[in-house]
Each structure stands twice: as structure tokens, then as C-alpha cells.
Amino acid sequence: MVLLRSFIILLLFLSISPVKTSEVKASEIQLLTENYAPFNYLEQNNLKGIGADIVGALQKKVGTPSAPKILPWKRAYRTALSSPNTGIFSITRTKERENLFHWVGPLYSVRDYIFIRKSSDFSGQDISDLKALHSIGLQAEGAVHKALAKLSFNNLIPIHQVDKQLDLLISGRISALQVSDLTMSFDLQKNNLSFTEVRPIAVLNQADMYLAFSKDTPLEEVNKWQEALNELIKEGKHAAILGKHLPSLSLWSLETGIEVKVN
């Protein structure tokens with residue numbers, strides 16, 4: 001009898017106790033990005049760029065009202081690794097990062113190149129000639145930075161203020177600059193420079209850009225974002241955003257050079 005009474009009390013306790021679930025309110029999702037044109041950047045206090053536009057469209061579908069927080073890349077990346085319910089964009093999906101995040105995408109794709117000034121005397125034929133350059137500037141702590149370092153490139157110059165990177169190349173303070181086709185096109189146009197001011201000497205992999213969520217974000221929430229992206233694609237809205245940002249890339253897509261495979 002005592003045992004039966006204890007069992008009934010336990011059932012009553014469970015029935016009135018709140019059940020903890022993995023459901024996350026839309027307002028609890030934190031989105032992080034960096035100020036790196038033309039992917040995601042501030043202009044007159046408005047977040048713009050191809051990544052920002054796509055993620056903004058996803059936010060409307062999912063119902064996440066909070067504006068993405070802009071941080072230096074290194075800080076944003078580390079925060080996304082350690083904080084629950086946190087997403088970061090635009091981020092390259094690599095083997096090294098594969099198991100560190102939950103992935104939504106791809107949002108869009110770019111191709112990475114190594115560019116030099118048009119006046120530079122370079123006639124290299126293979127990867128060893130790239131390693132012999134005095135300096136190659138590239139985004140600090142980015143996926144390509146880590147990949148080239150693993151390939152024993154000892155001439156890498158990490159750039160923290162990416163809005164200054166084209167000036168570093170044109171002024172001759174670095175010998176070469178590693179950026180995507182989209183970034184170089186944007187920076188040249190922004191500075192009223194001709195596309196012939198630079199030339200690509202090496203072609204890297206195509207890079208697919210993603211929205212990545214911390215491992216402590218419930219998969220149900222991550223799936224909502226992927227489903228929202230799938231809907232955006234089916235509706236043609238994703239293609240419209242791409243068309244707005246990618247009209248000038250055909251010039252670089254026809255270029256060839258030393259092939260450098262990075263992961």
C-alpha cells in the first residue's frame with residue numbers, strides 16, 4: 001500500500017513538472033558575422049552583402065528578429081564554437097571544421113585566386129614559384145590561411161583589416177593577394193580601378209559558403225534554417241539574390257593559372 005501511494009505521488013509530480021525540451025525560441029538564436037565586403041558588411045549602419053541578404057531572407061522565414069552581431073572574424077569564430085544557439089556566416093565548410101558545427105547551405109559559392117599587380121614580373125609555373133614570392137597577403141585565420149600554412153607556405157601575411165587589402169597590393173606592400181573572385185571584383189569597382197590593374201596567377205578551389213551553427217544548437221532548429229533555404233531556392237528568391245551580387249564574375253571565371261588544391 002505504501003509502495004502504491006509512493007508511485008501515485010511520483011506520477012502526480014511528473015505530471016505537473018515542466019518537461020525540458022530542446023526547442024529553441026527564435027529570439028534566442030544569436031547570429032554572428034564579420035565586416036568583410038562584399039559578403040557581409042556595414043554601409044550607413046545597414047548590414048549588406050550577398051551573405052547578409054541570404055541570411056536576412058532566412059531570418060524572415062524562420063522568424064528570428066535579432067540583427068546579426070558584427071565582430072572581428074577570430075572572435076566571431078571562437079564565440080560560435082563555444083556558445084549555444086549561435087550561428088556564424090559566411091563561413092567556408094572544410095574538413096577541419098566539418099565536425100565542429102552544424103551546417104546550413106551552401107548559401108553561395110566563390111572561387112579563390114592569388115592576384116598580383118599587372119606590372120609585376122611573375123612567370124612562375126608551379127606551386128614552388130608561389131612559395132618563392134616575397135609575400136602573399138590573405139585574411140587572417142581564414143580557411144585558406146590555414147590551408148596554405150599546412151602546405152608549407154612561409155610567405156603568408158595575415159591581414160586583419162580586409163578593407164585595406166587591395167591597397168596593400170596596389171601599393172606594393174605585399175607581392176600578391178589571395179582573395180575570391182567576388183571580393184576582387186567588388187574592391188576594384190569600389191576603388192574605381194580597372195579589372196586590368198591586377199591579374200590572377202593561381203587558381204584555388206571553389207569555396208562553398210555556409211551558415212554554421214554551434215554544436216550546442218538543437219538539430220531541430222538547424223533543420224528549420226536548412227528547410228527555409230530550400231524553400232528560398234524553390235521560390236526563385238535565392239537565385240534573385242545571387243543575380244544581384246554576382247553579375248561581374250564571368251571575367252575571373254575564365255582565368256587560369258597555377259592550380260593550388262586546398263581543403
Side-chain angles (χ1 to χ4, degrees), residues 33-43 47-55 68 70-74 76-77 88-94 105-118 120 130 135-148 153 156-171 173-211 241-257 260 262:
T33 189
E34 63 175 332
N35 192 20
Y36 189 178
F39 305 116
N40 348 271
Y41 63 99
L42 275 179
E43 185 174 279
L47 185 59
K48 296 187 175 183
I50 183 171
D53 284 358
I54 294 174
V55 171
I70 298 176
L71 298 173
W73 178 253
K74 193 172 183 178
Y77 185 82
I88 182 172
F89 69 96
S90 302
I91 182 171
T92 309
R93 187 173 185 172
T94 65
L107 305 179
Y108 58 95
S109 299
V110 297
R111 182 168 287 279
D112 289 315
Y113 292 86
I114 295 176
F115 292 90
I116 59 173
R117 299 181 304 281
K118 66 177 181 181
S120 297
L130 297 175
S135 56
I136 300 175
L138 74 181
Q139 182 193 22
E141 299 295 324
V144 177
H145 182 190
K146 295 177 181 179
L148 292 184
F153 276 76
L156 304 178
I157 305 296
I159 299 174
H160 295 273
Q161 292 182 294
V162 292
D163 57 328
K164 308 293 184 185
Q165 60 190 5
L166 181 60
D167 181 59
L168 293 175
L169 176 65
I170 298 299
S171 65
R173 281 177 281 176
I174 54 176
S175 306
L177 176 64
Q178 182 280 308
V179 289
S180 70
D181 44 11
L182 182 57
T183 299
M184 181 56 77
S185 298
F186 181 90
D187 284 351
L188 288 170
Q189 293 177 62
K190 180 181 178 182
N191 289 278
N192 296 314
L193 293 173
S194 168
F195 278 42
T196 59
E197 288 293 324
V198 300
R199 64 185 178 97
I201 57 172
V203 184
L204 284 67
N205 298 7
Q206 174 174 296
D208 293 329
M209 310 303 288
Y210 283 77
L211 165 62
I241 295 173
L242 295 184
K244 171 185 172 183
H245 292 277
L246 306 178
S248 59
L249 298 188
S250 58
L251 175 67
W252 303 125
S253 66
L254 298 175
E255 296 287 351
T256 58
V260 182
V262 297

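Bear in mind the structure is a predicted one, so any value in this text is a computation, not a measurement.
In this structure, the side-chain contact (heavy atoms from CB on, under 4.5 Å) partners of Asp208, at least two apart in sequence or on a different chain, are Pro106, Ser109, Gln206, Tyr210. For Lys118, the salt bridge (charged side-chain N to carboxylate O under 4.0 Å, His left out) test picks out Glu197, with sequence neighbours left out. Residues passing the side-chain contact (heavy atoms from CB on, under 4.5 Å) test with Lys190 are Phe186, sequence neighbours excluded.
Across Leu130 and Ile136, no two heavy atoms sit closer than the pair O-CD1, 3.7 Å. The two residues Trp73 and Glu141 come nearest to each other via the heavy atoms NE1-O, 3.7 Å. Asp181 and Tyr113 make their closest contact through CB-CE1, 3.9 Å (heavy atoms, listed as atom of the first residue, atom of the second, distance). Annotation for Pro38 and Leu182: closest pair CG-CG, 3.4 Å, computed over non-hydrogen atoms. Across Gly51 and Ser90, no two heavy atoms sit closer than the pair CA-OG, 3.6 Å.
Remark: the Glu34 side chain and the Gln139 side chain contain an N/O donor-acceptor pair separated by less than 3.5 Å. Between Thr94 and Thr92, the side chains place no donor N or O within less than 3.5 Å of an acceptor N or O (distance only, hydrogens not considered).
Considering Val144, Ile174, Leu138 in turn, Leu138 is the only one that fulfils the side chain to side chain contact (heavy atoms under 4.5 Å, CB included) rule with Leu156.
Rounding to the nearest 0.5 Å places CZ of Phe115 at 16.0 Å from OG of Ser175. Rounding to the nearest 0.5 Å places CG of Asp167 at 8.0 Å from CG of Asn191. Taking OG1 of Thr183 as the start and CD of Gln178 as the end, the distance is 8.5 Å to the nearest 0.5 Å. To the nearest 0.5 angstrom, Tyr41 atom OH is 6.0 Å from Lys48 atom NZ.
Geometrically, Lys146 does not engage Phe153 in a cation-pi contact, judged by NZ or CZ lying under 6.0 Å from the ring centre and within 45° of the ring axis.
Side chains of Val179 and Gln165 form a contact here, defined as non-hydrogen atoms less than 4.5 Å apart. Contact annotation: the side chain of Leu193 approaches that of Ile170 to within less than 4.5 Å [non-hydrogen atoms, C-beta and beyond].
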Could you walk me through whether Val198 and Leu169 pass side chain to side chain contact (heavy atoms under 4.5 Å, CB included), step by step?
-> CA-CA 9 Å; Val198 300; Leu169 176 65; 3.9 Å; yes
Decide yes or no on side chain to side chain contact (heavy atoms under 4.5 Å, CB included) for Asn35 and Asn40, but give the supporting numbers first.
-> CA-CA 6 Å; Asn35 192 20; Asn40 348 271; over 6 Å; no
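Between Lys244 and Asp53, at least one side-chain N (NZ, or NE/NH1/NH2) sits under 4.0 Å from a carboxylate O, which counts as a salt bridge.
Between Phe39 and Tyr36, the angle of the ring planes goes over 60°, which puts this pair in the perpendicular group of the 30/60° scheme.
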